[in-house]
Amino acid sequence: MTEMEKVYNPSELEKRIYADWEQGGYFAPSGAEKAFSLVIPPPNVTGALHMGHALDETLQDILVRWHRMLGDSTLWVPGTDHAGIATQNVVEKKLAAEGRSRHDYGREKFIEEVWSWKKRYGDRITGQLRLLGASCDWSRERFTMDDGCSRAVREVFVGLYQKGLIFKGLRIINWCPRCHTALSDVEVNYRDNAGKLWHLRYPLAGDSKRFLIVATTRPETLFGDTAVAVHPEDERYRDLIGQEALLPLTDKKIPIIADEYADREFGSGAVKITPAHDANDYEVGRRHALPSVTVLDASGIMNENAPMRYKGLTREKARDLVISDLEEAKLLHSIQDYQNKLSVCYRCDTVVEPRLSPQWFVDMPRLAAPAVEAVRSGKIKFYPERWSKVYFDWMENIREWCISRQIWWGHRIPVWYCECGEIICAKETPAVCPKCGSDRLRQDEDVLDTWFSSALWPFSTLGWPQKTADLKKYYPTSALVTGYDIITFWVSRMIALGLAFMKKPPFHKVVIHGLIRDEQGKKMSKSTGNAVDPVELIREYGADALRFTLASMASAGGQDLKLSAHKVLASRNFMNKLWNVARFALLKLADNRFAPEKSLADEWILSRYQQIINKTTDALQKFYFGEMAQGLYDFVWSEFCDWYIEMSKLGLHKETLLAVLNGILRLLHPLAPFITEELWGRLGNAGRIINASWPAADIRLINKSRETRMAIVIELVKAVRNIRSEMNIAPGKKADLIVLYSKDAVNEALTEAKTYIQQLAGVEKIDLAARLAAKPRNSSHAVLDGAEVFVPLDNLIDLQAEIARLEKEKQKYEDEISWLKKKLTNKNFIEKAPPEVIDKEREKEKNCAEKYRIVDEQLKALKIS
RNA sequence: GGGCUUGUAGCUCAGCCGGUUAGAGCGCUCGCUUCACAUGCGAGAGGUCCACGGUUCGAAUCCGUGCAAGCCCACCA
């Protein structure tokens with residue numbers, strides 16, 4: 001055993017210990033029968049660790065370390081996501097800084113560029129996971145675009161295609177004019193927008209003096225209008241149905257049609273129909289066989305279908321010009337302020353354009369049914385349970401999932417087109433067309449939604465489609481730990497595809513936690529500058545402190561977590577406390593003078609320790625991380641350090657100290673792996689704590705009578721300390737104690753614990769008596785449960801201070817008694833409350849009354865003197 | 001428009017199945033170089049548990065309504 005440094009220095013030891021674990025192969029599963037497995041929600045490969053990851057990974061690592069200590073064959077699969085659009089955007093931005101675009105490179109070269117980017121930054125986030133202490137099995141590290149995952153993607157695609165569950169279709173999809181790609185419904189965010197509703201006048205073709213007023217938020221799309229719709233039962237327009245209107249600013253005529261989609265209550269009741277630029281209008285267009293005219297190109301620029309004057313303008317510029325032109329033409333009826341929502345791209349925040357285009361879709365409505373059933377039947381459970389509602393709401397209203405993206409970085413769609421018209425969907429690149437034999441095949445240009453490969457993650461990472469040993473042993477995984485924000489993106493799709501291809505759900509438990517917010521409760525983001533960097537916090541306070549903080553904030557309800565450096569500081573202080581108590585233990589153990597027998601303090605702490613084992617284990621089973629952390633914090637600081645250690649200074653029982661201290665280290669290890677490993681070693685334990693066994697409570701050591709006795713001692717010490725402090729007894733000055741007891745338990749407790757009291761309360765002489773000839777004069781006074789305590793003061797007592805103290809005390813008892821009296825004289829209470837409750841209240845009343853009597857007596861005596 | 005969550009000490013929160021003198025951390029006040037720790041020790045101050053109803057012998061805890069805050073979902077131009 002070496003002497004410990006006085007200062008706890010996390011950064012040095014954390015680095016050393018992680019390397020030791022990794023080199024020692026401690027993260028790989030060992031051969032036990034029972035399996036526990038997690039797959040990491042893969043962070044973006046070129047990203048940096050943010051607070052959300054830190055929380056997610058901490059919670060997973062807690063479970064993993066706990067199960068490893070339980071002796072399970074524990075596997076945590078790490079990996080990263082290629083993050084199609086996000087990564088491509090980052091690389092494009094870099095190229096743009098050099099004045100180039102991806103088109104200057106061409107597809108092949110550009111992808112090479114992204115791969116080299118990936119190689120350069122791919123290690124950053126995994127390195128940061130190591131800093132956090134994540135004990136994942138790095139030998140099994142995966143990437144969503146590695147060979148295995150890519151093979152799984154093709155296998156699933158082809159499988160779904162053959163069943164008709166993947167198909168290509170012409171739809172209005174969400175199009176990001178900046179990313180130049182389609183997006184799925186979940187990739188669109190909504191933003192409140194203080195916009196305008198423009199009321200336009202469309203002249204009638206038959207009578208250009210008459211107008212139809214249509215209301216729109218998107219006047220620039222009017223060039224794509226191919227009809228105006230009114231409600232079929234709208235009396236105002238009945239005569240116009242079948243006639244034509246003149247499209248303003250053009251020489252086009254468009255039909256006036258009847259469709260129930262037109263809302264009579266809204267605006268004038270007539271609505272312009274732009275099938276190519278609005279999903280609803282598209283449906284109307286289909287019902288009425290209207291043509292679709294696209295007026296905006298892929299970048300959101302007006303194209304040749306708009307009059308020359310507008311061609312080449314952005315959406316925004318075109319809108320302004322259209323409005324001013326309409327005004328000039330006296331075709332603008334009115335403008336109204338209008339609150340609506342803008343759809344924006346979740347990657348770049350650009351306003352999304354509904355766009356008609358051919359895309360690939362997964363038939364989610366068909367795949368969703370078994371996925372809903374799995375949760376409904378309880379095969380998969382959400383923790384907390386309420387999140388299953390979000391899941392159901394999503395899955396039961398699920399729509400087709402648009403999976404094709406018009407970007408280059410990603411899994412290329414495994415579909416080839418032959419000149420002969422044949423479409424070939426295959427796992428491997430076909431050499432020739434099976435129909436005509438031509439070798440001139442052209443692969444589909446699109447890549448798949450990033451979330452497509454993520455959806456396969458629980459089984460692709462375990463080796464599927466190969467029948468690997470890992471797959472057999474570790475699928476289904478034991479749990480999924482993630483934030484509620486990706487239930488729709490990820491959880492739902494993993495469940496659906498896991499069931500479709502593995503016939504078993506990918507996990508049985510979904511542990512949902514809240515999102516990290518700043519001190520004000522705002523979302524952390526780089527752009528607002530309120531993001532706290534976990535790596536910075538680790539550097540400053542240590543990974544253990546950060547982990548402990550995150551875990552203790554993860555409440556059972558899964559609320560969002562407001563993080564501040566203050567909290568991490570408090571956790572760091574706790575680690576420091578732990579460090580020092582171990583230091584104390586080492587000093588004492590080197591001393592080599594031990595008490596031969598267990599004392600009251602030993603029996604008490606052993607009893608308390610058994611209970612904290614159970615409490616910690618319980619909390620873990622329920623995924624109550626906050627409760628786990630809080631419980632251990634209180635036990636270690638307020639019981640073990642404040643009382644047991646202080647008492648053990650009078651005579652240390654070596655076995656007890658070591659048992660409890662080592663137990664604490666093991667219980668804390670999942671939360672604070674580094675310091676516990678370090679101290680475990682310093683205390684001379686064999687092996688590593690990372691694979692030490694999880695403590696099991698020995699209920700024979702739970703001893704309530706010793707706990708009761710200790711409670712008496714603590715109560716007395718606190719009472720004396722209070723007197724010392726309030727009566728200004730100098731800290732170094734020893735006091736005397738006269739205890740007048742009315743319960744034998746007090747006499748026994750104080751007799752047994754005499755030396756503790758002397759030490760902890762700064763007391764010299766203790767006189768215990770069942771009765772006194774006269775109560776001591778010139779003393780400060782306290783009343784306990786079953787005893788009266790006098791602390792004689794050698795200089796004249798400050799009467800006013802003492803009276804004030806006792807008056808306060810008296811008031812407290814008075815309040816409580818009146819409350820209890822009211823209760824106990826309530827007939828209903830006596831008749832209906834359970835007898836044990838009544839007894840308890842009676843007992844309380846008796847005790848209070850007695851204490852009140854004593855304090856009152858003492859006060860009277862003081863006032864006379 | 002639908003749904004969810006939250007409202008407890010100055011701040012951040014814990015209080016699960018109703019009976020606690022309503023707790024913790026930070027902050028605050030007072031006193032301490034007590035030989036593990038001033039990243040510490042001891043003692044305190046501070047709360048009509050958002051409001052109003054209801055259920056109950058009994059509610060911070062269950063139910064309803066209202067107010068306030070936040071989030072998610074939804075194709076009304």
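In what follows, every heavy atom counts, from backbone to side chain, and hydrogens, waters and symmetry copies are set aside. Computed from a predicted model, the values in this text were never measured in an experiment.
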Among the nucleotides B:A74, B:A77, B:C37, whichever has the atom closest to the side chain of A:Asn580 is B:C37
* Under 3.5 Å, is there a donor-acceptor pair between the A:Lys272 and A:Thr274 side chains? -> yes
Open item on the list: Quick check on B:C57: is either OP1 or OP2 less than 4.0 Å from any side-chain nitrogen or oxygen of A:Lys823?
Closed with: no
Report task. Would you indicate what A:Ile830 reaches in the nucleic acid, counting non-hydrogen atoms under 4.0 angstrom: base, sugar-phosphate, or nothing? Result -> nothing
Tell me what A:Pro834 touches on the nucleic acid: a base, only sugar-phosphate, or nothing, going by heavy atoms under 4.0 Å.
base
Is A:Lys389 close enough to B:C72 that one of its side-chain N or O atoms is under 4.0 Å from OP1 or OP2 there? no
Among the nucleotides B:A24, B:C41, B:A74, whichever has the atom closest to the side chain of A:Lys577 is B:C41
The reported gap from CD in A:Glu187 to CG in A:Asn174 (rounded to nearest 0.5 angstrom) is 9.0 Å
Margin query: Tell me whether A:Glu836 at atom CD has more than 12 heavy atoms from other residues, nucleotides or ligands lying less than 6.0 Å away.
Written below: yes
A:Arg386 has its side chain closest, among B:C41, B:G25, B:C4, to B:C4
- Scan A:Val7 against the nucleic acid and name what it touches under 4.0 Å (heavy atoms): base, sugar-phosphate only, or nothing. base
task: Verify the contact: side-chain N or O of A:Lys649 to OP1 or OP2 of B:A36, cut-off strictly under 4.0 Å; return yes or no.
output: yes
Hey, is the side chain of A:Lys808 poking within less than 4.0 Å of OP1 or OP2 on B:A45, counting only N and O atoms? yes
Among B:C71, B:A36, B:A77, the one nearest any side-chain atom of A:Tyr484 is B:C71
Looking only at B:A74, B:A77, B:G19, the nucleotide nearest the A:Tyr338 side chain is B:A77
If pairing means Watson-Crick or G-U wobble with both distances under 3.5 Å, then the partner of B:A68 is B:U6
To the nearest angstrom, the CG-P distance between A:Asn576 and B:G25 comes to 16 Å
Side-chain atoms of A:Lys6 come closest, of B:G40, B:C37, B:A36, to B:C37
_Need one value for A:Arg721: base, sugar-phosphate or nothing, where a base atom within 4.0 Å counts as base even if backbone is also close, heavy atoms only._
sugar-phosphate
Paired to B:G19 by Watson-Crick or G-U wobble criteria (both distances under 3.5 Å) is B:C57
Select base, sugar-phosphate, or nothing to describe what A:Gly514 touches, counting heavy atoms under 4.0 Å on all strands.
-> nothing
Partner of B:A45 under the Watson-Crick or G-U wobble criteria, both distances under 3.5 Å, comes out as none
- Item | Phosphate OP1/OP2 of B:C71 contacted by A:Arg517 side-chain N/O (<4.0 Å) | no
Inset, instruction - Please indicate whether A:Trp819 has more than 12 foreign heavy atoms, meaning atoms of other residues, nucleotides or ligands, lying under 6.0 Å from its CH2. - result: no
Taken to the nearest 0.5 Å, the spacing of A:Leu586 CG from A:Leu683 CG works out to 5.0 Å
A:Ser268 and A:Tyr237 have their tightest heavy-atom pair at O-OH, 2.6 Å
A:His566 atom NE2 is separated from B:U12 atom P, nearest whole Å, by 12 Å
Of the listed B:C13, B:U21, B:C41, the closest approach to the A:Lys844 side chain comes from B:U21
Closest to the side chain of A:Asn722, out of B:C57, B:G44, B:A77, is B:G44
Quiz prompt | Phosphate-side-chain proximity, A:Trp394 and B:C4, N/O vs OP1/OP2 below 4.0 Å | solution = no
Which of B:C32, B:A43, B:C57 is nearest the side chain of A:Asn826? It is B:C57
Considering only heavy side-chain atoms of A:Phe829, the closest of B:G44, B:C57, B:C75 is B:C57
Next item on the list: Would you indicate, yes or no, if B:U6 has its OP1 or OP2 atom less than 4.0 angstrom from a side-chain nitrogen or oxygen of A:Gln559?
Entry: yes
So what does A:Glu627 hit on the nucleic acid, given a heavy-atom distance under 4.0 Å: a base, only sugar-phosphate, or nothing? nothing
